Structure formats: C-alpha cells, structure tokens
Amino acid sequence: MKIHVVHLDATPSRFDFEAGAGWWRAAMREGGELPPELDEPFHVRVSAHRIGDDLFLDGAVEGSLPLECGRCLARYRHLVCEPFRLALEPAGARQPSDPEGVEALARYGMCLAEELETGWYRGDEIDLSGFVHEVICLALPVKPLCREECRGLCPRCGADRNAAACGCPEGPEHSPFAALRALREKSGGGSS
Ligand SMILES: [Zn+2]
Ligand SMILES: [Zn+2]
C-alpha cells in the first residue's frame, strides 16, 4: 500500500489497494483478539495530493472480518466501512515521542498522532499498511453482535434463542438478588 511522495502534486491522484492475508498477518500484533487469518481482502481507496511538502489523503477502508457474536457465539461476517482523512507533514529532524511512533516512522515512513488524522512522514514513500490495520482495529466493536436484536443463548439451558424459544422462564431469577431471596425464604425470614 505504498504511495510515492514525489509523484504527488496539487491534483489528487487515486489509488486502489487490495489488502489481503499476507498484509494482515504482518500487521497483526501479538496477543490481539482479532482473527489471525483473513479470508477476504480489504479494499482501500485513497485520493492523495500534495501542497508544498504537506500530504493530504482521504479515502475509505472496506471489507469484512469473521467475528464471534458476544451473545450467541455464532460466527458472523462483520462489515467494515471506514472513511478516513489524513494530513501528513515532513518529520524533518524530529522524532516521535512514543516508541510506537518511532517504529512506525521507520517501518512505514509515516507515524500518526493519537486521533489518526495528522502525522509525520519521512522519505520518498509512505506505506499505509500499518495505518489501515489500525483503522480496522478501531472500527471493530468491543462486544461484537451478529445483529442488533440477537437474543443470545439461554443462560439456563444454553439453547440459541434466535432459533427457537426454549421455554425456560425469563425474569429476575438470574439476578444476584434472587439467590438472596431464596436464602431468606429457606430460613423462614421472608415477609408475607
Ligand atoms: Zn448473535
Ligand atoms: Zn432455556
């Protein structure tokens, strides 16, 4: 996903990248909770131009990832469609204050500020590989859901309630207070 800085000028240039399994594996960090393998490539559309020494990019990352639903545990395809906008200025002699930034600048020729909208570049080309991976990671939900109205698994019998109602009683029995109430009833202290 490389863009040659010297080829850019004030007229926007269009780039279309396909980011596949090899890129995903290389960009993955150890210990992440993301799927280690990508079965379908992501598509990255970028429009880039340069004014003076400053680079301006905007585009979008599109694709999907197989994730596990946090409620019903089913595997499902999570769609990602993330627009982005970036302004990069030459790093010059400056060094990023964080080790990740130093590494990114050396590896990808670019490093970004916290909010992923501004950053520095160094050298003749920038490589969007690391940035695109980060965009995808930030776009993923903390608790993935196969769909908003997923009914999840029954906490009593484990049946998938999306498929059929299992007949277990719904209700406050699952709350921690239910256990307390049961205890109180057993000891005969319940008020009536
Ligand atoms: Zn689900
Ligand atoms: Zn049930």
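Since we're looking at a predicted model, the values are computed, not measured. Atoms within a ligand are numbered from 1 in the order they appear, just like the ligands themselves.
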Discussion item. Set out, in order, the CA-CA distance, both residues' side-chain angles and the distance that settles side chain to side chain contact (heavy atoms under 4.5 Å, CB included) for Leu112 and Glu134, then state yes or no.
Written reply: CA-CA 11 Å; Leu112 296 168; Glu134 213 154 325; 5.8 Å; no
Worksheet entry | Test item: Arg25 side-chain N/O and Gly22 main-chain N/O as donor-acceptor pair under 3.5 Å | no
Practice prompt. Output yes when a side-chain donor or acceptor of Asp127 lies under 3.5 Å from a complementary backbone atom of Lys2, and no otherwise.
Written response: no
Worksheet item: Between SG of Cys69 and SG of Cys146, what angle is found at the Zn ion (ligand 1), rounded to 10 degrees?
Response: 110°
Discussion item. Before moving on, can you tell me the angle at the Zn ion (ligand 2) between the SG atom of Cys154 and the SG atom of Cys168, to the nearest 10 degrees?
Written reply: 110°
Discussion item. Before moving on, can you tell me the angle at the Zn ion (ligand 1) between the SG atom of Cys150 and the SG atom of Cys72, to the nearest 10 degrees?
Written reply: 110°
Item to complete: Please determine which of Leu145, Asp160, Leu153 meets the side-chain contact (heavy atoms from CB on, under 4.5 Å) test together with Arg71.
Response: Leu145
